[in-house]
Protein chains: 2
Amino acid sequence: MTQPPKRPLTLRDVSDACGVSEMTVSRVLRKRGDVSEATRRRVLAAAKELGYVPNQIAGSLASQRVNLVAVIIPSLSNMVFPEVLNGVNQVLEDTPLQPVVGVTDYMPEKEERVLYEMLSWRPSGVIIAGLEHSDATRAMLKNAGIPVVEIMDVDGRPIDAMVGISHRRAGQEMAKAILKEGYEHIGFMGTKMPLDHRARKRFEGFTEGLAKAGIEIEDRAFYSGGSALAKGREMTQDMLERSPELDFLYYSNDMIGAGGLLYLIDQGIDIPGQIGLAGFNNVELLQGLPRQLATMDACRLEIGQAAARIILNDTLDEPDPDLQTQITLTPTLSLGDTLRRNRKV
Amino acid sequence: MTQPPKRPLTLRDVSDACGVSEMTVSRVLRKRGDVSEATRRRVLAAAKELGYVPNQIAGSLASQRVNLVAVIIPSLSNMVFPEVLNGVNQVLEDTPLQPVVGVTDYMPEKEERVLYEMLSWRPSGVIIAGLEHSDATRAMLKNAGIPVVEIMDVDGRPIDAMVGISHRRAGQEMAKAILKEGYEHIGFMGTKMPLDHRARKRFEGFTEGLAKAGIEIEDRAFYSGGSALAKGREMTQDMLERSPELDFLYYSNDMIGAGGLLYLIDQGIDIPGQIGLAGFNNVELLQGLPRQLATMDACRLEIGQAAARIILNDTLDEPDPDLQTQITLTPTLSLGDTLRRNRKV
DNA sequence: GTGAAAGCGCTAACAC
DNA sequence: GTGTTAGCGCTTTCAC
C-alpha cells in the first residue's frame, strides 16, 4: 500500500497501475477465463500493492447475481438460533455464498420489514424460520423468484422448501415418555408467546399425547421477559405451592427447566422420584448442572446445514435434481436424570 | 399482486403500470423531493399491486451510498456479543442504516477474510471487536475511507474511533476487591485462548493487582471447547484437589464461574466463607442460580449503542462535531453472594 | 489470451 | 412538480 486513497479504488486504478485492460484485471480477480500466468501475477501484485477491494455492488449489478443468502430468525439471544446459524455457516463456509442475518423478535410486521429489506439486495435464497407468515410476507416470498427454505417446523405447508421437526410430534413423544414412567399429575410451564408457534405446537401435541391416556394437565403457567433461569425457579415454586400433588413438570424450554431443577434441588426434593422434569432443546450450555435435565433436541445444527445445502444446490451450475427439499428430522429424547422413575438398575 | 413474475420487477415496470416517469416513481419510493399527493398515491398503489421491491444494488451503485454497517465480532455463541448487537440494533432501528454481522471465531485470518468481503460491499462504517488486528486488516481499515469503531477494549491505540472498557483495569479492580475481603490464596481459571486479548488483559491486570499487595496466583488452569458450565465444574474440582489451600477462585467468564459455583454448593463448601468466587461479564442468563456470582459487567449494550451512534453520526447531513469518538466505559462490580467474606450485617 | 462496447437498475443533476 | 440525460463500477458478449 503506497498511500491511503480518499476515493475508493476501482478496477480502472488497478488497470492503470499494471498496464492491462480492466477486463483482464477483472478476469484475474475472479479467477475466470484464460489469463497468462505472467499477466496474472502482474495484476495480482498491482491489486495487492494498491490495496484494491473489488466493488461487489457494481459486480452484482453487472452479473445479475448476488452471493448473499438471507437468513431470517426470530431471535439471537435464544441459544437455539445461533446453533442454526452455525449449521448454515458450516455449509456455506467454502462457497461463494454468504449468509446475512435478520432478526424479527417474533413480530410478524418486523418479519415483513426485514424480509423486504433483504429482498431488496436480491439475495440468492432465503432461509426463514417458521411456516406462519403474514400474507404480505408469503407473497414476497412466492414472488421473489429465488429458493425459499422455511425451517424449524414441518407442521404446515411450506411455500417452497422446508426443513425441520414436528413440534406437535415432539410434544406427543414427550407425553408418552412421561406416562410410560408412571407420572400422572402433570404441570406445564412455558413462555407467554402467542407468536411462538413452535412452542404452541409442542404444547398442543403434549396435551394430545396426555389426552390419549385420559390425562389432563393439572396446572400451567406462562411467563414473559426476564432471565429464564430465574423465571423457572419462581414459577416452579409458585406452581408447587399451588398444586402440591404434581409429580411431573414439563417446561417449554431447557432454561426455565434448569431454573426449576435448581429450585427443586435446593428444596431437597427427590428427583425424579417425587417429581420428574423435562425441558426442550438440548441446550449444550446446561451440561454441567448437578443433574441432566430430560430434554429433546431440536436438530438445530442439522436444520441449518440442510437448509444451506438446498440454497447452495440451487446456485450450482449442475444442481442435484434429487436433493430433498422437504425434510423432516427426528428429534432425540434424552432422559437425563430427571425422567426415569422406574429405574431398573 | 396480479401474477408471479419470473423476472424481478424494475422501476420501469412500475413506471409503465402507472404512467409516470421512472424518476418520479423513484422519488416517491424514496420519499424524496416534491411529488404531488395524487401521483404519489398512484405510484404507491401500482408498486404495491405489482409487489415491487426496489433493487438496492442498483440504487447503491447509482447513489454511491450503501446503508450497511459492517459489524465484525469473534463469536455469536458467547453471550457477550449478541448483547452488543442488541445495542447496535437499538440505535440503528429507526435509521436507514442496517447492521451486517460477520464472525471471526477469534481467528486473525478469518477476520481478514470477513472484513475484505464486507468492505467489498462498501458499507458506511465498520464496527469491529478488539484493537489487535493483522497488518493487512489494519491497512484495509485505514484505507477504507469510512468510520471505523473498534469496540470492547480500550487498552491500546485505535485506528479511528474506539468504545470499550479497560480489561486490564477490570482485572486490577477485581484483585483489589478480593484482597479487601481478606482472601489470600487465589486460583485462576480461564479459556486457553491466546487470541482472546481481552481475557488476557484481564488476567494480566489481575496479577498486577495482586502483585501490588505482594500476592501471587497460586494455581491456574485453562480450558478450551466444551460446555463452559461443565468445564467450570471439572476444573474447580481438579484445582481444589490439587491446591486445597485456595480460598478464592477467579474465573475469566461467568459461565465457568457458575460451573464452579454449582460444584462447590454440591460439595457443601461454605461460600463465600471458606471459598470466594468471581467471574466476568454479568451474564443475565445466570440470574436464578442458587447464589449470585460476583462479577463485573462489560457494558456490552452501551458499547454497541455508542459504536452505532458514532457511525450514524458520520452519515448524517449535519454530524455532531462534538460527539466523542474515544469512549472509555466503566464496568460495575457486583459482589453478589460470593465475594463478601467480611459481612457486616 | 486480450480488449472494446454495451448495459445491469437505479439516482444525481439539471432542464422544463 | 415532473422528465431527461448521464453514468455509478463492474461483467457479459463478442471481436480480434
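Note on naming: letters A, B, ... go to the chains in the order of the sequence lines (proteins, then strands), and numbering restarts at 1 for each one. None of the values given here were measured: they were computed from a predicted structure.
- Base contact: B:Arg27 has a heavy atom under 4.0 Å from a base atom.
- For CZ of A:Arg12, the number of neighbouring non-hydrogen atoms (other residues, nucleotides, ligands) closer than 6.0 Å is 12 at most.
- If A:Pro54 and B:Arg40 are placed on DNA chain D by their nearest nucleotide, the residue sitting closer to the 5' end is B:Arg40.
- In this entry the distance linking CG of B:Asp13 with P of C:dG9 reads 9 Å, nearest Å.
- For the pair A:Asp16 CG and D:dG9 C1', the computed distance is 14 Å after rounding to whole Å.
- Between A:Arg12 atom CZ and D:dG7 atom C1' there is a gap of 14 Å when expressed in whole angstrom units.
- Side-chain contact, B:Glu111 with B:Thr104: no donor N or O sits under 3.5 Å from an acceptor N or O.
- Within the 4.0 angstrom heavy-atom criterion, no nucleotide atom of any strand lies near B:Ser60.
- Comparing D:dG3, D:dT2, D:dC10 by their closest approach to the side chain of B:Met23 singles out D:dG3.
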Decide salt bridge (charged side-chain N to carboxylate O under 4.0 Å, His left out) for B:Arg41 and B:Glu37; before the verdict, give the C-alpha distance in whole Å, the side-chain angles of both, and the deciding distance to 0.1 Å. CA-CA 6 Å; B:Arg41 279 221 289 269; B:Glu37 183 56 24; 3.3 Å; yes
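- In this structure, B:Asp16 contributes its side chain and B:Asp13 its backbone to no donor-acceptor pair below 3.5 Å.
- For B:Arg122 and D:dG9, a side-chain-to-base donor-acceptor distance below 3.5 Å is absent, hydrogens and geometry of angles not being considered.
- Phosphate contact (OP1/OP2 of D:dG3, side-chain N/O of B:Thr24, threshold under 4.0 Å): present.
- For the OP1/OP2 pair of C:dG9 and a distance below 4.0 Å, the side-chain nitrogens and oxygens of B:Tyr52 include no atom meeting the criterion.
- At whole-Å resolution of the value, CD in B:Gln64 and C1' in D:dG7 are 10 Å apart.
- For A:Ala62, whose side chain is taken as the heavy atoms from C-beta onward, the closest listed nucleotide among C:dC8, C:dC10, C:dT2 is C:dC8.
- Listed nucleotides: C:dC10, D:dG9, D:dT12. Nearest to the side chain of B:Leu11: C:dC10.
- Between the CD atom of A:Gln56 and the C1' atom of D:dT11 there is a distance of 13 Å, given to the nearest Å.
- Nearest nucleotide to the side chain of A:Ala58, out of C:dC10, C:dT2, D:dC10: D:dC10.
- Between B:Leu61 atom CG and D:dA6 atom C1' there is a gap of 13 Å when expressed in whole angstrom units.
- Between B:Trp121 atom CH2 and D:dC10 atom C1' there is a gap of 12 Å when expressed in whole angstrom units.
- Listed for the A:Asp153 side chain is a donor-acceptor partner under 3.5 Å among the backbone atoms of A:Asp155.
- Between the CG atom of A:Asn67 and the C1' atom of D:dC10 there is a distance of 14 Å, given to the nearest Å.
- Distances shown here put every side-chain N or O of B:Ser21 at or beyond 4.0 Å from the OP1 or OP2 atom of D:dT4.
- An OP1 or OP2 oxygen of D:dT13 is reached within less than 4.0 angstrom by no side-chain nitrogen or oxygen of A:Arg32.
- A residue-by-residue look at B:Arg65 and A:Glu22 shows that A:Glu22 has its nearest nucleotide of DNA chain C further toward the 5' end.
- Side-chain N/O atoms of B:Ser36 include none lying less than 4.0 angstrom from OP1 or OP2 on D:dG1.
- Across all strands shown, A:Asp34 has heavy atoms under 4.0 Å from base atoms, whether or not it also approaches the sugar-phosphate.
- Annotation for A:Gln326: atom CD counts as buried by contact number, over 12 foreign heavy atoms lying within 6.0 Å.
- Remark: A:Thr39 is in phosphate contact with C:dT2, judged by side-chain N or O atoms under 4.0 Å from OP1 or OP2.
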